[in-house]
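Below: one structure, written as C-alpha cells.
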There are 2 protein chains.
Amino acid sequence: MNTPSPHILVVDDHRDIRETLARYLVKNGLRASTADSAAQARKALKAAAVDLVVLDIMMPGEDGLSLCRHLVETSSQPVILLTAMADDTDRVIGLEIGADDYVTKPFNPRELLARIRAVLRRTTQGARDRDPVEHEELHFEGWRVDITKRELFAPNGRSVPLSSGEFQLLRAFLKRPNMVLNRDQLMDLTSGRTPGVFDRSIDNQVSRLRRKIETDPRDPRLIKTVWGGGYMFTAPVRDKPS
Amino acid sequence: MNTPSPHILVVDDHRDIRETLARYLVKNGLRASTADSAAQARKALKAAAVDLVVLDIMMPGEDGLSLCRHLVETSSQPVILLTAMADDTDRVIGLEIGADDYVTKPFNPRELLARIRAVLRRTTQGARDRDPVEHEELHFEGWRVDITKRELFAPNGRSVPLSSGEFQLLRAFLKRPNMVLNRDQLMDLTSGRTPGVFDRSIDNQVSRLRRKIETDPRDPRLIKTVWGGGYMFTAPVRDKPS
DNA sequence: GGCCATCTGATACATCTTGTTACAACTTGG
DNA sequence: CCAAGTTGTAACAAGATGTATCAGATGGCC
C-alpha cells in the first residue's frame with residue numbers, strides 16, 4: 001500500500017449511472033464510492049478521504065449547485081459537475097461558481113475519466129499519484145521526510161525522532177495537504193481501526209506531533225484545527241527540492 | 001494595476017472567429033493576441049509572454065493537435081482546444097494529449113471565458129512560481145488573509161487568531177465584497193446547515209468577527225448591516241500583489 | 001524471567017467555540 | 001409617539017479541543 005489511488009465520490013440520483021460510472025472508475029485504477037443525494041454525499045465526505053467529487057446538479061432534495069458551492073467554499077476537493085441539460089446558462093453558472101469542470105449527459109465515460117485525470121493532475125500536489133519510488137522523499141518548509149526510512153529531519157538538518165504512530169499521522173497529512181481530515185479518516189489512514197465513541201487518541205497524537213514539529217505548539221502553523229471538522233495540514237509540500 | 005491581466009493567444013484560421021473572440025476577451029479585462037496558423041502561433045509565443053493558448057485544432061498547414069502536443073510537452077502554457085466537430089473521439093484525444101480543456105464550435109463566448117478563467121485559476125499560481133500549493137491570498141485595507149492557511153494578519157503584521165467559524169464568515173464576505181448577503185446565504189456559505197426559525201447565530205458570529213477586525217465595533221466600517229437585508233462587506237479587496 | 005524505556009490509548013480537567021436565550025437599543029410604518 | 005419587528009451583544013450551556021497524567025502493552029537487554 002504505497003500510494004493509495006485517488007478516491008472519487010460519484011453523486012447522482014440515477015442508480016444505473018452511479019453504479020456504472022463507479023465500476024468504470026474502479027476498473028481504471030481509481031477508488032470510487034457513491035451517493036444518491038446531497039445529504040448522503042455530505043455523509044460520505046465525512047466517512048472517507050475523498051479526492052474528487054463528480055456531482056449531478058439536478059437532484060431532488062437539496063440542490064446540487066448548493067452542495068457544489070459549499071464544497072468549493074469550504075473544502076479543497078475539486079468538483080466535476082454532471083448534468084442532463086445541455087443548457088449553456090447552467091454550464092456557465094457551474095463554472096463560475098468554481099466547479100473545476102463540467103460534463104453533460106449523456107457523457108462518454110472515457111472522456112469523463114480523462115477529465116478526472118486532468119483535474120487531478122492539476123490539483124494534487126506532492127507525490128500523491130506518482131509512481132512509488134523506492135526512495136520517497138517529501139519536503140515542506142525546510143523539513144525533509146524520508147518516507148521509506150521513516151525519518152524526519154528538521155530545517156537545521158538535525159534528525160527528529162518520531163514514534164511509529166506520529167510518523168503515520170505525519171505521512172497521512174503530507175499526502176493530503178490543505179485538506180480537512182476528520183478523526184475517522186485519520187484513524188483509518190493511520191491505525192486502520194475503528195474509533196470508539198469518546199476516542200481522543202487522534203487528538204493525543206496530533207498534540208504529540210505538534211510538540212515536535214511546530215515552532216509554537218500553542219499557535220500551530222502546520223497542523224490546523226478545523227473546529228467540528230478535524231485537522232488540516234497546511235504547508236507547500238513538494239516532492240524533491242529542485 | 002499590480003498584476004498584469006492574463007495574456008491569451010487565440011489561434012484560428014477563421015478571421016471572424018479570431019477577431020470577435022479576441023475583442024470579447026479584451027472587453028472582459030484580458031489581453032489577447034491572434035494567430036492564423038500554427039507557424040504564426042509559434043512566432044507569437046516567442047514574441048510575448050502568453051498565459052494561455054486557445055487553439056483551433058482544424059487548421060490548414062501544420063496540424064493543431066501537433067502544436068498542442070508541442071506546447072504541452074515543452075512549455076508551461078495551458079491550452080484550450082477549439083474544434084468544429086463534436087466528435088467524442090477527438091475530445092478525448094485532445095484531453096489525453098494534455099490539453100487543459102476542450103470547447104466545441106459553435107461556442108458560447110461567455111462559456112469559453114468562464115473556462116479560460118477556470119483554467120487560469122488552476123494553473124496560474126501553481127505551476128508558475130513552482131509552488132505546488134495554491135496560495136490564495138486576499139488583501140483589504142492593509143489586512144492580509146491567507147485563505148488556504150486560514151490565517152489573518154492585521155495591518156501591523158501581527159497575526160490575529162480567528163476561530164473556525166469566524167474565519168469562514170470572513171472568507172464568505174471577502175469573496176463577495178459589496179454584496180448584500182442575507183442570513184440564509186451566510187449560513188449556507190459558512191456552516192452549510194439550514195437555519196432555524198429564530199436563528200441568531202450569524203448575528204453572533206458577525207458580532208464576534210467585528211470585535212476582532214473593526215477598529216470601532218460600534219461603528220463598523222468593514223461589515224455593514226443592511227437593515228432587513230443582511231450584512232455587506234465593504235472594502236476594496238484585491239488579490240495577492242506579487 | 002526481571003528490569004527499564006518507550007509508546008499509546010484512556011481519563012480527567014482546563015480552555016475554547018458556538019448556538020441559544022434574553023434583553024436593550026434601534027428602525028420602520030402608522 | 002407607539003407597536004411591531006430587527007439588530008447588537010452579554011450571559012449561559014453544551015459540546016469540542018488541548019494536554020497532563022496514568023496504566024497497560026511492547027520490546028530490548030541482562
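So that the names make sense, note that chain A is the first sequence line, chain B the second, and so on, each numbered from 1. All values derive from a computational prediction rather than experimental measurement. What's counted below: heavy atoms across the whole structure, side chains too, no hydrogens, waters or symmetry copies.
- Each of dT28(C), dG9(C), dT17(D) was ranked by its minimum atom distance to the side chain of R193(A); first place goes to dG9(C).
- Among R176(A), H7(A), R31(A), the one residue that satisfies the side chain to side chain donor-acceptor pair (under 3.5 Å) test with D51(A) is R176(A).
- Looking only at atom types and distance, the side chain of S201(B) has a donor-acceptor partner in the side chain of R193(B) under 3.5 Å away.
- Between K212(B) atom NZ and dT9(D) atom C1' the separation is 15 Å, expressed in whole Å.
- If you measure from atom CG of D219(A) to atom C1' of dT17(D), you get 16 Å, rounded to the nearest angstrom.
- Look at CZ on R150(B): it is 13 Å from P on dT17(C), rounded to the nearest Å.
- Contact between the side-chain N/O atoms of T225(A) and the OP1/OP2 oxygens of dG18(D) is found at a separation under 4.0 Å.
- Atom pair L209(A):CG and dT19(D):C1' shows a separation of 14 Å (rounding to whole Å applied).
- Comparing the start and finish of the helix from dG1(C)-dC30(D) to dG30(C)-dC1(D), five pairs each, the helix axis swings through 20°, to the nearest 10 degrees.
- One distance of note links CG of L152(A) with CD1 of I213(A); it measures 7.5 Å at 0.5 Å rounding.
- For DNA chain D, the residues of residues 194-205 of chain A within the heavy-atom distance limit of 4.0 Å (strictly under) are R200(A), D203(A), N204(A), sorted by number.
- Residue side chain R211(A) does not reach the base of dG18(D) through any donor-acceptor N/O pair under 3.5 Å, judged by distance alone.
- Side chains of R210(A) and T225(A): a donor on one and an acceptor on the other come within 3.5 Å.
- Comparing R183(A) and V206(B) by the nucleotide of DNA chain D that holds the closest heavy atom to each, the one mapping nearer the 5' end is V206(B).
- Among the heavy atoms of the strands lying under 4.0 Å from Y231(A) are primed sugar atoms or P, OP1, OP2 only; no base atom is included.
- Ionic pairing of D219(A) and R221(A) is present here: one or more N-O contacts between side-chain nitrogen and carboxylate oxygen are shorter than 4.0 angstrom.
- Comparing dG18(D), dT17(C), dT27(C) by their nearest atom to the side chain of R210(A) picks out dG18(D).
- A donor-acceptor pair under 3.5 Å is absent between the side-chain atoms of Q168(A) and the main chain of S191(A), judged by distance alone.
- Using a cutoff of 4.0 Å between basic side-chain nitrogens and carboxylate oxygens, D146(A) and R144(A) are not scored as salt-bridged.
- Side-chain atoms of R208(B) stay outside donor-acceptor range of the base of dG8(D), with no qualifying N/O pair under 3.5 Å.
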Before you tell me yes or no, could you show the steps for L181(A) and Y231(A) under side-chain contact (heavy atoms from CB on, under 4.5 Å), namely the whole-Å CA-CA distance, both residues' side-chain angles and the distance that decides it to 0.1 Å? CA-CA 5 Å; L181(A) 298 168; Y231(A) 299 96; 5.9 Å; no
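- By the 4.0 Å N-to-carboxylate-O rule, R183(B) lies close enough to D203(B) to be salt-bridged with it.
- Each of S191(B) and S163(A) has a nearest nucleotide on DNA chain C; the 5'-most of these lies closest to S163(A).
- A side-chain donor from one of D12(A) and H14(A) sits under 3.5 Å from a side-chain acceptor of the other.
- Atom CG in N182(B) sits about 14 Å away from atom C1' in dT6(D), given to the nearest Å.
- Across the protein-nucleic acid pair, K224(A) atom NZ and dA16(D) atom C1' stand 18 Å apart, rounded to whole Å.
- Going from atom CZ of F167(B) over to atom C1' of dT18(C) covers 18 Å, rounded to whole Å.
- For M187(A) and dA10(C), the CE to C1' distance is 12 Å, given to the nearest whole Å.
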